[in-house]
Amino acid sequence: MFDIKWIRANAEAFDAAVSRRKNVSVRSSDLLAIDDRRREIIVRLNEAQEKRNALSKQIGQAKAQKDEAKAQELMAEVSRLKDFIPTGEAEERAVEAELRAALSVIPNLALDDVPQGDDESDNVEYFGANGTAETAARQRPAKPSFSFAPKEHYEIGVAEKDMDFEVAAKLSGSRFVVLKGQIARLERAIGQFMLDLHTTEHGYLEVQPPLLVRDDALFGTNQLPKFEEDLFFTPHGDSRLALIPTAEVPLTNMVRESILSEEELPLRFAALTPCFRSEAGSAGRDTRGMLRQHQFDKVEMVSITTAETSIDEHERMLACAETVLQRLGLHYRVMMLCTGDMGFGARKTYDLEVWLPGQDTYREISSVSVCGDFQARRMEARYRPSGEKQAPRYVHTLNGSGTAVGRCLIAVLENYQQEDGSVLIPEALQPYMGGLTSIGGK
RNA sequence: GGAGAGAUGGCCGAGUGGUCGAAGGCGCACGCCUGGAAAGUGUGUAGGCGGGGAACCGUCUCGAGGGUUCGAAUCCCUCUCUCUCCGCCA
């Protein structure tokens, strides 16, 4: 969410930057018009309150001096002028709500190095801050080669038996899956491996958050008010709770409505949780297999930083996510999303796309975004700079998947499949699989 | 689910209708003291909004929202959360 004072001071820059984003027609002049009305009512209200307060203080003094006649006279005077105050207060609340509503549906502005574009076809491959295609290729696992036609994950022998969409449909309908036996264990192993990697090697604090959250938390991380239809809700008393669409929501909101000290930053949280998405807008897309589900596991990373360090933290977080795929020996590429493909709250986003030989294509497995102070302003999350006395500033927030567990399971199955329908277990996962080196063999 | 108690600044905690944005303490900042530190000591130390070039001024905020009143941290109502006891329960 934007600071109206910043928009007032930087109206042209705001208009130029906001016009880079897709489907956004708002102009600074619309917002400033609301703000002008807001300031006008505040001035009038403050003047009335000032008079009322001054007179009330005199009444107190008159009563203390037992000057009842004077007190009565003053009280009559206050009664006359205070008619305006209740209506003025109501007017101020209304116009402030109007301004907030207008501001809360404006997406974040892209950083200067984000490519301009309409959709994913305008994303550009990214090789690291100082990297090239060559340096990236040395660091990233190679694309596997097959002596047979690799299958899609749900066609592979071991999955045909233990990845059960039919029974899931009986329980819950489409876009659910029941995993069984060694496939279920493999999914669990992948999640454990990733979470352990981030907590033991990358400095993230392991967190087990609630999976049900209130509307305020969803507003903080931008799911509300614009993307309500993507969520599952459950009634709760007279209100409701949402199933988290990503652990970004609880992890980021852990710092909401607080003032941290600069010394505590950066805060780094990681969690392995189920995620729930209605997929309202994607009917008919990716219906086969478990690529796009209503429920899936994901390891999420969240960093809370100062304003100065968020860009560096973004590169660091990308590297943390990449390490997962490198350890698993999975080929991937990194895309910098263009302005048209970025999420609502992001200033810049990198997607990790893992190679799926069965589909013969790259598919998103992780998304790493830096949001600046956009979410912090929605959450009222600030920090007090150290040293000389300074006013609190908004923190910067970042989030990234590290990575999606379900999609990683797909990638392991497809990349490590054998002709006989069995699947080799990557070395990094073997300790989590009781030492097994393959599953689904005869 | 029933009964009761509570929510005050970065933290702890006093304050039951007026001069209270709020005692005191802790923490923090800057000074004094010291060879240096600790201790001691002095001063300062909430946030939002509006006005102003600035110094500064005004206003709002004592969990949230309403109400009573000339005036509310204090009284009333609703809600949220926390704690204690009882019940139920993985």
Side-chain angles (χ1 to χ4, degrees), chain A residues 1-9 31-100 102-104 208 210-220 235-242 250 253-265 267 304 306 373 376-395:
Chain A
M1 196 162 73
F2 289 98
D3 179 4
I4 188 65
K5 285 193 289 191
W6 183 87
I7 294 176
R8 202 190 306 142
L31 302 163
L32 292 175
I34 302 173
D35 192 46
D36 286 343
R37 282 191 282 126
R38 174 179 144 269
R39 290 193 293 163
E40 191 260 344
I41 185 65
I42 286 174
V43 168
R44 280 166 58 208
L45 181 61
N46 280 6
E47 283 168 0
Q49 287 168 328
E50 182 179 359
K51 277 183 206 157
R52 179 200 62 190
N53 289 350
L55 287 170
S56 291
K57 193 167 274 188
Q58 289 177 36
I59 293 169
Q61 286 161 354
K63 291 224 172 192
Q65 290 160 14
K66 307 279 188 217
D67 188 348
E68 197 59 33
K70 187 179 178 193
Q72 289 299 333
E73 188 184 315
L74 288 163
M75 280 161 71
E77 197 179 337
V78 176
S79 320
R80 280 195 300 277
L81 79 86
K82 89 182 186 116
D83 291 347
F84 169 69
I85 289 177
T87 55
E89 283 174 343
E91 222 176 302
E92 187 198 353
R93 276 197 298 274
V95 72
E96 272 177 358
E98 188 185 343
L99 182 61
R100 184 174 172 81
L103 289 171
S104 67
Q208 276 273 12
L211 307 180
L212 293 164
V213 295
R214 26 163 111 255
D215 282 14
D216 286 346
L218 295 162
F219 182 86
H236 184 241
D238 297 331
S239 179
R240 64 176 183 178
L241 290 170
N253 277 282
M254 291 216 293
V255 298
R256 70 177 292 117
E257 293 162 57
S258 57
I259 301 178
L260 306 163
S261 65
E262 183 170 351
E263 288 70 31
E264 323 176 49
L265 301 178
L267 290 170
I304 311 295
T306 62
D373 62 5
R377 194 166 268 118
R378 289 170 164 254
M379 296 188 297
E380 280 301 318
R382 293 173 291 178
Y383 70 100
R384 200 178 290 282
S386 52
E388 289 296 308
K389 190 168 121 58
Q390 288 185 59
R393 303 168 67 189
Y394 288 106
V395 298

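Each chain gets a letter, A, B and so on, in the order the sequences are listed, and its residues count up from 1. Because the structure is predicted, anything quoted here is derived from the model rather than measured.
The phosphate of B:G50 (OP1 or OP2) has a side-chain N or O of A:Arg8 nearer than 4.0 angstrom. Close to B:C70, at under 4.0 Å from its OP1 or OP2, lies no side-chain N or O of A:Arg52.
In the set B:U59, B:C70, B:C49, the nucleotide with an atom closest to the side chain of A:Gln49 is B:U59. For A:Arg384, the listed nucleotide lying nearest its side chain is B:A46; candidates were B:A46, B:G18, B:U59. Of all nucleotides listed (B:G58, B:C60, B:G51), B:G51 comes nearest to the side chain of A:Arg39.
A:Leu31 and A:Ala102 get closest at one heavy-atom pair: CD2-CB, 3.8 Å. Minimum interatomic distance between A:Ile41 and A:Glu91 (heavy atoms only, all atoms of both residues): CD1-OE2, 3.5 Å.
Across B:C28 and B:C11, the matching C1' atoms stand 11 Å from one another, rounded to whole Å. Atom C1' of B:C75 sits at a distance of 23 Å from the matching atom of B:C81, rounded to the whole Å. Taking the C1' atom of each, B:G53 and B:G48 are spaced 23 Å apart, rounded to whole Å. Taking atom P in both B:A3 and B:G87, the straight-line distance is 15 Å, to the nearest Å. B:A37 and B:G52: their C1' atoms are spaced 46 Å apart (whole Å). Only the C1' atoms considered, B:G17 is 13 Å distant from B:C76, to the nearest whole Å. One P atom belongs to B:A39, the other to B:C30, and the distance between them is 15 Å to the nearest Å. Taking atom C1' in both B:A38 and B:G21, one finds a spacing of 35 Å when rounded to whole Å.
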Verdict with reasoning, A:Arg37 to A:Glu98, per salt bridge (charged side-chain N to carboxylate O under 4.0 Å, His left out): CA-CA 11 Å; A:Arg37 282 191 282 126; A:Glu98 188 185 343; 2.8 Å; yes
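Counting any heavy atom pair closer than 4.0 Å across all strands shown, A:Lys5 reaches sugar-phosphate atoms only and no base atom. Contacts of A:Arg100 with the nucleic acid, taken as non-hydrogen atoms under 4.0 Å apart, are absent. Using a 4.0 Å heavy-atom cutoff across all strands shown, A:Ile42 reaches sugar-phosphate atoms only and no base atom.
Nucleotide B:G36 forms a pair with no other nucleotide shown, judged by Watson-Crick or G-U wobble geometry with both contacts under 3.5 Å. Taking a pair to require two hydrogen-bonding distances under 3.5 Å in either a Watson-Crick or a G-U wobble arrangement, B:C62 remains unpaired. B:G1 and B:C86 make up a base pair, with Watson-Crick or G-U wobble contacts both under 3.5 Å. Base-pair partner of B:G42: B:C30 (Watson-Crick or G-U wobble, both distances under 3.5 Å). A 3.5 Å limit on both hydrogen-bonding distances identifies B:C81 as the Watson-Crick or G-U partner of B:G6. Under the Watson-Crick or G-U wobble criterion, with both distances below 3.5 Å, B:G53 has no partner in any strand shown. B:G18 and B:C70 make up a base pair, with Watson-Crick or G-U wobble contacts both under 3.5 Å.
One atom, CD of A:Glu92, and another, P of B:G65, lie 12 Å apart when rounded to the nearest Å. Between the CD1 atom of A:Ile85 and the C1' atom of B:G67 there is a distance of 16 Å, rounded to whole Å. The interatomic distance linking A:Arg256 (CZ) with B:G63 (C1') rounds to 14 Å, in whole Å. In this entry the distance linking CZ of A:Arg382 with P of B:G9 reads 13 Å, nearest Å. Atoms CD1 (A:Ile259) and C1' (B:G9) sit 10 Å apart, rounded to a whole Å. Separating the CZ atom of A:Arg214 from the C1' atom of B:A64 is a distance of 11 Å, rounded to the nearest angstrom. Spacing between atom CG of A:Leu45 and atom C1' of B:G48 amounts to 15 Å, rounded to whole angstrom units. When the P atom of B:U61 is taken as reference, atom CD of A:Glu89 falls 8 Å away, rounded to whole Å.
Toward the 5′ end of RNA chain B lies the nearest nucleotide of A:Asp35, the other residue of the pair A:Asp35 and A:Asn46 mapping further downstream. Projected onto RNA chain B by closest heavy-atom contact, A:Lys57 and A:Arg93 fall at different nucleotides, the more 5' of which corresponds to A:Lys57.
No donor-acceptor distance shorter than 3.5 angstrom exists from the side chain of A:Arg8 to the backbone of A:Asp35, with no hydrogens or angles considered. Judged by distance alone, with hydrogens and angles left aside, the side-chain atoms of A:Arg384 form no donor-acceptor pair with the main-chain N or O of A:Ser261 at under 3.5 Å.
Within 6.0 Å of CD on A:Glu264 lie more than 12 heavy atoms contributed by other residues, nucleotides or ligands.
For the side-chain contact (heavy atoms from CB on, under 4.5 Å) with A:Tyr383, the qualifying choice from A:Val255, A:Ile304, A:Ile259, A:Leu265 is A:Leu265, the only one to do so.
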